[in-house]
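In each ligand, atom 1 is the first atom listed, and ligand 1 is the first ligand listed.
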Amino acid sequence: MQAATIDNTGLIAALVNRERISDDLARHLFSPAFDDARPELYAAADRVRRETVGDHVYIRGIIEFSNYCRCQCDYCGISCHNPEISRYRMTHDEVLETASHAHALGYRSLVLQSGEDRAYRVEDICHIIESIKSRLDMAVTLSIGEWSREEYAAFRAAGADRYLLRIETSSQTLYERFHRDSKWHERHQALMDLKELGYQVGSGILIGLPGQDGPGLIRDLEYLERLRPEMVGIGPFIPHPQTPLGNQPAGLFENCLTFLALLRLYLPDAFLPATTAMGTVDPIGRQKALKAGANVIMPNVSPVMNRPSYQIYPNKICQDDDVGKCQKCVQSLISALGRIPDFGHGHIRRSIY
Ligand code: 5AD
Ligand code: FES
């Protein structure tokens with residue numbers, strides 16, 4: 001089928017019906033020929049979002065507790081191959097103090113994120129989780145990269161509720177091109193293990209990695225449909241000058257919104273965050289995402305002094321903003337859209353699967 005002959009309204013109706021997407025249509029969806037129809041797709045995703053998961057926007061505070069990382073992802077600014085950033089590692093007490101501060105402001109859902117930092121032993125991570133669970137009544141999500149199945153089981157036993165691990169791309173070739181020290185199948189197996197261990201799992205991909213195309217993105221969508229994670233986080237690839245991909249073009253914001261809208265249509269009751277990366281490449285990127293299917297926002301609650309060192313990509317928003325400022329900011333941006341800010345635990349039962 002030629003792009004010029006494609007009826008966009010008919011195409012969007014087919015997407016709402018979750019029909020299979022051919023390679024030709026996949027190319028069309030991520031090309032300028034689809035630009036005029038994109039607002040219609042976003043509106044369809046917004047309708048499905050409202051009918052399926054309602055108007056609440058779930059707020060989860062992120063603590064970036066260590067920027068040490070043993071991995072060498074070619075796109076990532078905190079890769080072990082970047083000697084130019086200063087490294088920090090928070091102690092148990094510092095993490096707990098940061099969590100208590102977020103708790104005092106009303107946060108009940110916390111994401112503990114770090115590089116793959118083996119200076120923490122399994123017991124250290126478990127101790128942090130146990131302290132937060134016993135002293136503060138908060139849902140705990142881990143975003144700490146790949147560990148072993150036994151280690152995931154230990155974190156789960158210590159009380160962790162959720163685990164975020166992006167597959168980054170469903171293409172083994174692309175994955176292993178940009179992660180020279182990792183195997184795609186191990187990443188995939190980790191996601192299977194996390195599901196089996198009873199975690200609420202979050203995954204996701206990068207949009208605009210060099211070599212990625214429309215059909216590849218649709219294969220990513222199909223992978224995520226089969227995986228059925230509770231949450232899917234996506235964002236544009238943003239070139240970091242101190243990485244091997246520093247000279248590559250950034251992923252397109254509109255392609256992120258298109259993929260997000262497709263996620264809402266094909267995984268209707270998933271938690272879909274309006275990510276910080278989307279807010280970084282477009283000043284109202286998170287608002288646009290919330291109007292194209294998203295229903296989660298994850299403000300940074302880390303100590304401000306650490307934030308400049310956690311530059312996985314450049315120009316990340318909220319570098320100098322204190323926790324209270326970001327809280328008010330996200331509350332008002334959500335309310336301005338006629339939505340309901342929700343600082344709760346954010347556990348909801350699947351409605352339609
Ligand atoms: N641009 C955008 N996102 C990035 N990530 C890592 N590096 C970059 C970058 N340069 C994303 C990855 C990772 C998440 C924590 O951050 O998808 O899973
Ligand atoms: Fe940090 Fe808006 S979320 S200032």
So if I count the atoms of ligand 1 from 1 in the order they appear, which ones are less than 4.0 Å from some heavy atom of [X]?
X	answer
Pro236	1 (N), 2 (C), 3 (N)
Tyr75	6 (C), 7 (N), 8 (C), 9 (C), 10 (N)
Leu206	2 (C), 3 (N), 4 (C), 17 (O)
Cys76	7 (N)

Flag the pair [X] and [Y] as a salt bridge only when some basic side-chain nitrogen lies within less than 4.0 angstrom of an acidic carboxylate oxygen.
X	Y	result
Arg89	Asp117	yes
Arg187	Glu146	yes
Asp35	Arg38	yes

Looking only at protein heavy atoms, which one is nearest to [atom], and what is the separation?
atom	value
atom 13 (C) of ligand 1	Glu168 OE2, 3.4 Å
atom 16 (O) of ligand 1	Ile312 CD1, 3.4 Å
atom 9 (C) of ligand 1	Ile238 O, 3.5 Å

ILVMFWY cluster, Tyr68 and Ile144 together (side-chain gap under 4.5 Å): no
Short version for Arg166: what comes under 4.0 Å of ligand 1, heavy atoms counted, is side chain
Taking the six-membered ring of Tyr199, is NZ or CZ of Arg156 closer than 6.0 Å to its centre and within 45° of its axis? yes
When you compare the side chain of Phe253 with that of Lys288, does any pair of heavy atoms fall below 4.5 Å? yes
